[in-house]
Amino acid sequence: MSRYAFVYLFLAVPVILYSVFVVSPYLQAFWLSLTEWRGIGAPKWVGFANFERLFQDEVFWKAVRHHGVLLLALPLITIAIALFFAFMLNVGGGSKGGQRVGVRGSAFYRVVFFFPQVLAVAIIAVLFQMVYRPDESGLINGVLVKLGLDPVYFLINPNLALWSIVGVLVWQAVGFYVVLFSAGMASIPTEIYEAAELDGASRITMFFRVTIPLLWDTLQVAWVYLGIAAFDCFAIVAVLSVDSGGPDGATTVLAVEIYRNAFVYSRYGYASAMGVALFFLTITFAALTLRVSKRESVEY
């Protein structure tokens, strides 16, 4: 066997596996979105009827609006908090022995911030059910009641429910991005910070004029990842919210509606149409983000 034949054979195996387990399900979903199928019998071809119905569905547009809120809030809040923590843990303690160090206890804080990443998403949702409970047995409302204040109905109040979900998503995601940004900051040469200090730059100035520009590629990747997470968040919403997306659809997202239409109402064609819409929304978001945030790389 020639060298090139061996290489082609070696590459063929992952391509075949990817085609069977990734590309094929996508193609099946696209085909099912053009049919009417209730899980039994043969699918009935209906063309674009599911998409016409989809664009007139108020529940679909409500879920899309919720994704819009998540797309703005989740990346902005998560990246802001993670950047601050990463900066303090890596360079916030000043210079020691010619090396930039973090604040006192940085190693312990890294473990604390990363801890939510070792928990399953469903477990996190169950934990926050106890945190958000509307009576005095809830973690937050228990404190409020003892202080003589009225309890806050986080998941029952339609005006607070979605933001309560955002809080859980941020809490769950921050630790990973602290580690991601810490790895990026570790690759920034110490000499750059030393030169900035000699020029009289404060920590705030170094953060915005040195750290942010040199971490731009990492920030771009983080924004795309968090945007994709904002289009998912199925487990958190399904477990934590009232009636999986309630109250009255105040927290519903497309993934929840896809599950509901497929496995509760047995409308697999319509659920596949929602899945196709979610696919194109995610791809469009990622492409636009990479395009808008594109800039010249800073070399050091």
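For the numbers below, each heavy atom of this structure counts, side chains included, while hydrogens, waters and symmetry mates do not. Remember, it's a predicted structure, so these values are computed and weren't measured experimentally.
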Q | Pairwise side-chain contact, Leu119 with Leu127, heavy-atom cut-off 4.5 Å (strictly under) | A | yes
Separation between CG (Leu89) and CZ (Phe84), nearest 0.5 Å, reads 9.5 Å
TODO: Could you tell me whether a side-chain N or O of Asn141 sits under 3.5 Å from a main-chain N or O of Pro151, the two making a donor and an acceptor?
DONE: no
Using 30° and 60° as the class boundaries, would you call the ring planes of His67 and Phe231 parallel, tilted or perpendicular? tilted
inquiry  = Could you tell me if the side chain of Ile140 sits less than 4.5 Å from the side chain of Val152, heavy atoms only?
reply    = no
inquiry  = Please determine whether the number of non-hydrogen atoms from other residues, nucleotides or ligands lying under 6.0 Å from atom CZ of Phe30 exceeds 12.
reply    = yes
- Please indicate whether Glu136 has more than 12 foreign heavy atoms, meaning atoms of other residues, nucleotides or ligands, lying under 6.0 Å from its CD. no
In this structure, CD1 of Ile81 is separated from CZ of Phe113 (nearest 0.5 Å) by 10.0 Å
Are more than 12 heavy atoms from other residues, nucleotides or ligands located less than 6.0 Å from atom CZ of Phe51?
-> yes
Applying salt bridge (Lys or Arg N to Asp or Glu O under 4.0 Å) to Arg65 and not counting sequence neighbours gives Glu58
Closest heavy-atom pair, Tyr132 versus Ser164, reported as atoms and distance to 0.1 Å, is OH-O, 3.0 Å
* To do: Give a yes or no answer on whether the side chain of Thr78 reaches the backbone of Pro75 with a donor-acceptor pair at less than 3.5 Å.
  => no
Verify, without hydrogens or angle tests, whether Thr251 (side chain) and Gly245 (backbone) share a donor-acceptor contact under 3.5 angstrom.
yes
Residues joined to Val239 in its hydrophobic cluster, side chain to side chain under 4.5 Å directly or through other members, sorted by chain and number, are Val126
Are Met274 and Asp57 close enough that some pair of their side-chain heavy atoms sits under 4.5 Å apart?
yes
Separation between CG (Leu32) and CG (Leu27), nearest 0.5 Å, reads 11.0 Å
Output yes when a side-chain donor or acceptor of Ser187 lies under 3.5 Å from a complementary backbone atom of Gly184, and no otherwise.
yes
query = Would you say the side-chain atoms of Glu257 and Thr252 include a donor-acceptor pair closer than 3.5 Å?
reply = yes
With a 4.5 Å limit on heavy-atom distance, are the side chains of Leu219 and Phe181 in contact?
yes
With a 4.5 Å heavy-atom cut-off, do Met185 and Leu83 have their side chains touching?
yes
Between Ala173 and Leu226, the two heavy atoms sitting closest are CB-CD2, 4.2 Å
Fill in: Heavy-atom neighbours of Asp248 CG exceed 12 at 6.0 Å
no
Worksheet item: Do the side chains of Val224 and Tyr177 join up, straight or via other hydrophobic residues, at under 4.5 Å, putting them in one cluster?
Response: no
Review point. When the aromatic ring centroids of Phe176 and Phe114 are compared, is their separation below 6.0 Å?
Key: no
Main-chain N/O of Ser33 paired with Asn50 side-chain donor or acceptor, under 3.5 Å:
yes
Nearest heavy-atom contact between Ala125 and Leu240 is O-CD1, 3.4 Å
### Message
Counting C-beta onward and ignoring hydrogens, is there a side-chain heavy-atom pair between Phe285 and Thr289 closer than 4.5 Å?
### Response
yes
- Message: Measuring centre to centre across the rings, with the benzene-like ring taken for any Trp, is Trp171 within less than 6.0 Å of Phe128?
- Response: yes
Distance col, row Asp243:CG vs Leu155:CG, nearest 0.5 angstrom, shows 13.0 Å
message = Checking the side chain of Arg260 only, and the main-chain atoms of Ser244 only, is there a donor and an acceptor separated by less than 3.5 Å?
response = yes
Exercise for review: Answer yes or no: does atom CD of Glu36 have more than 12 heavy-atom neighbours from other residues, nucleotides or ligands under 6.0 Å?
Suggested key: no
Note: Ser272 and Ala29 closest approach over all heavy atoms is CB-O, 3.5 Å
Residue pairs passing the ring-ring contact (aromatic ring centres under 6.0 Å, His included) test with at least one member in residues 244-271, sequence neighbours excluded, are Trp37-Tyr268, Phe234-Tyr259, Tyr259-Phe263
CG (Leu70) and CG (Leu162) are apart, to the nearest 0.5 Å, by 5.5 Å
Rounded to the nearest 0.5 angstrom, the CD1-OG distance for Ile156 and Ser241 is 12.0 Å
